[in-house]
2 protein chains.
Amino acid sequence: MRIGVEQIGGWRRILIYGALFALGVLLLEWIDYQRLVRSRSSDIWLFLVALGFLVLGIYLGGRLLRAPAPRPFDGNPQARAQLGISDRELTVLEALAAGKSNRQIADALHVSPNTVKTHLANLYAKLEAERRTDAVARGRALGLIP
Amino acid sequence: MRIGVEQIGGWRRILIYGALFALGVLLLEWIDYQRLVRSRSSDIWLFLVALGFLVLGIYLGGRLLRAPAPRPFDGNPQARAQLGISDRELTVLEALAAGKSNRQIADALHVSPNTVKTHLANLYAKLEAERRTDAVARGRALGLIP
DNA sequence: ACGAAAATCACCCGTTCGGGCGATTGCCCC
DNA sequence: GGGGCAATCGCCCGAACGGGTGATTTTCGT
């Protein structure tokens, strides 16, 4: 069985960014206050403020508009359940996509090549494939493998 | 030997971002000038400047520290040339990834299965693969196929 | 016009793969 | 405690595949 990675931070993310922004505003306030009090050169302060927000923006932009994660890759439990693909079969499918031979898969899983063949035969039936390359292609199309 | 992908735009990127930054600075200058001339509320101006640079920063951050790009998929001509993979061989590789048999590939390309076998043998040699699934995996890893 | 590379096809041989059939062992659920 | 299912292993057989070798034609750059 594969685990479902990445799904954290939805709420926390918003909170964190909100907090960061608020912090920036507060900083701005403070900076403005300091400027008035000490009557420093407004040019320098303006530059510092701009620089600070530029950095903040770069940081935010770096995480906010980070490419929509090419594919969180959840293993597509829906399709998997629908087709009734077992844990072992999925494992074999992954090894298949890695380009391994039956022999290699058998060794990696500590089972007989015959067992691998059985798993493969079941996979072919469930994926409606007739060849290993076919199974890989269909498995990928279904999002079962990356 | 493996090739080194992604090394383009390094220079142009720096130039573009440098220009953008310079533009921001100029904008800042202009804004400051306007502020002095019209003697507007410095608070509002400071806020606007901060906001502007925040937006600029988000934009920059969005492209600067972006994940290695989910691969627009260009067929990776570099790797292809480096390995000396011909047009025909690429076509066969694509059909292979689609899960077709030698017979099907031969029919699709209007050639003999023997020819397909030859192309495949060349592909195996160039991709250092021993099986079709292996060739597909390596071809995909190299970005030769989607 | 020549040579190199690509594309095409053929044959042999041994291995792998796919299809079919059967069997045993656990485990869960009712 | 019987039915269902996943996982395991075995055997047989024919088809597909991979490895090797050799050959011809086309294409392209010089």
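Protein chains get the first letters and strands the later ones, always in sequence-line order, with residue 1 at the start of each. What you are looking at is a predicted structure, and each value in this text was computed from that prediction instead of being measured.
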So [Y] and [X], do their side chains get closer than 4.5 Å, heavy atoms only?
X        : Y        : value
B/Thr115 : B/His119 : yes
A/Val92  : A/Leu109 : yes
A/Phe53  : A/Val49  : yes
A/Glu94  : A/Leu144 : no
A/Arg103 : A/Val116 : no
B/Leu127 : B/Ile85  : yes
B/Leu142 : B/Leu83  : yes

- Message: Does A/Glu130 reach a base, just sugar-phosphate, or nothing at all? Heavy atoms under 4.0 Å.
- Response: sugar-phosphate
Atom pair [atom1] ([X]) and [atom2] ([Y]), whose distance is rounded to the nearest 0.5 Å:
X        : Y        : atom1 : atom2 : result
B/Leu60  : A/Leu54  : CG    : CG    : 6.5 Å
A/Arg132 : A/Leu93  : CZ    : CG    : 11.0 Å
B/Asp107 : B/Lys100 : CG    : NZ    : 10.0 Å
B/Asn102 : B/Asn114 : CG    : CG    : 10.0 Å
A/Asn76  : A/Arg140 : CG    : CZ    : 14.0 Å

Quickly work out the [X] [atom1] to [N] [atom2] distance and round it to whole Å.
X        : N      : atom1 : atom2 : result
A/Ile105 : C/dG18 : CD1   : C1'   : 14 Å
A/Arg103 : C/dG14 : CZ    : P     : 21 Å
B/Glu89  : C/dT8  : CD    : P     : 10 Å
B/Ile85  : C/dA7  : CD1   : P     : 12 Å

- Note on the structure: Tightest non-hydrogen contact, residues A/Ala97 and B/Ala137, listed as O-CB, 3.4 Å
- Item | Degree of bending, the helix from C/dA1-D/dT30 to C/dC30-D/dG1 (end axes from five pairs; round to 10°) | 60°
- Please state whether the phosphate of C/dG19, meaning OP1 or OP2, lies under 4.0 angstrom from any side-chain nitrogen or oxygen of A/Tyr124. no
- Message: Any side-chain N or O of B/Arg88 below 4.0 angstrom from OP1/OP2 of C/dT8?
- Response: yes
- Across all chains, not counting sequence neighbours, the salt bridge (Lys or Arg N to Asp or Glu O under 4.0 Å) partners of A/Arg131 are none
- DNA chain D-proximal residues of residues 91-102 of chain B, any heavy atom under 4.0 Å: B/Ser101, B/Asn102
Please write out each protein N/O paired with an N/O of nucleotides 9-12 of chain C under 3.5 Å, distance rounded to 0.1 Å.
unit_1	atom_1	unit_2	atom_2	d
C/dC9	OP2	B/Ser112	N	2.5
C/dC9	OP2	B/Thr115	OG1	2.7
C/dC9	O5'	B/Thr115	OG1	3.4
C/dC9	N4	B/Thr118	OG1	3.0
C/dA10	OP2	B/Ser112	OG	3.4
C/dA10	OP2	B/Asn114	ND2	3.3

Restricting to nitrogen or oxygen on both sides, can you table the protein-nucleotides 27-30 of chain C pairs closer than 3.5 Å?
none

- Query: Are any of the side-chain nitrogens in A/Asp87 or A/Arg80 under 4.0 Å away from the carboxylate oxygens of its partner?
  - Reply: yes
- Electrostatic pair A/Lys126:A/Glu89 at N-O distance under 4.0 angstrom: yes
- Starting at the 5' end of DNA chain C, which residue's closest nucleotide do you reach first, B/Arg131 or B/Ser86? B/Ser86
- Task: With a 4.0 angstrom cut-off to heavy atoms of chain A, pull out the first and last contacting nucleotide of DNA chain D, in 5'-to-3' order.
- Result: D/dA6 to D/dC17
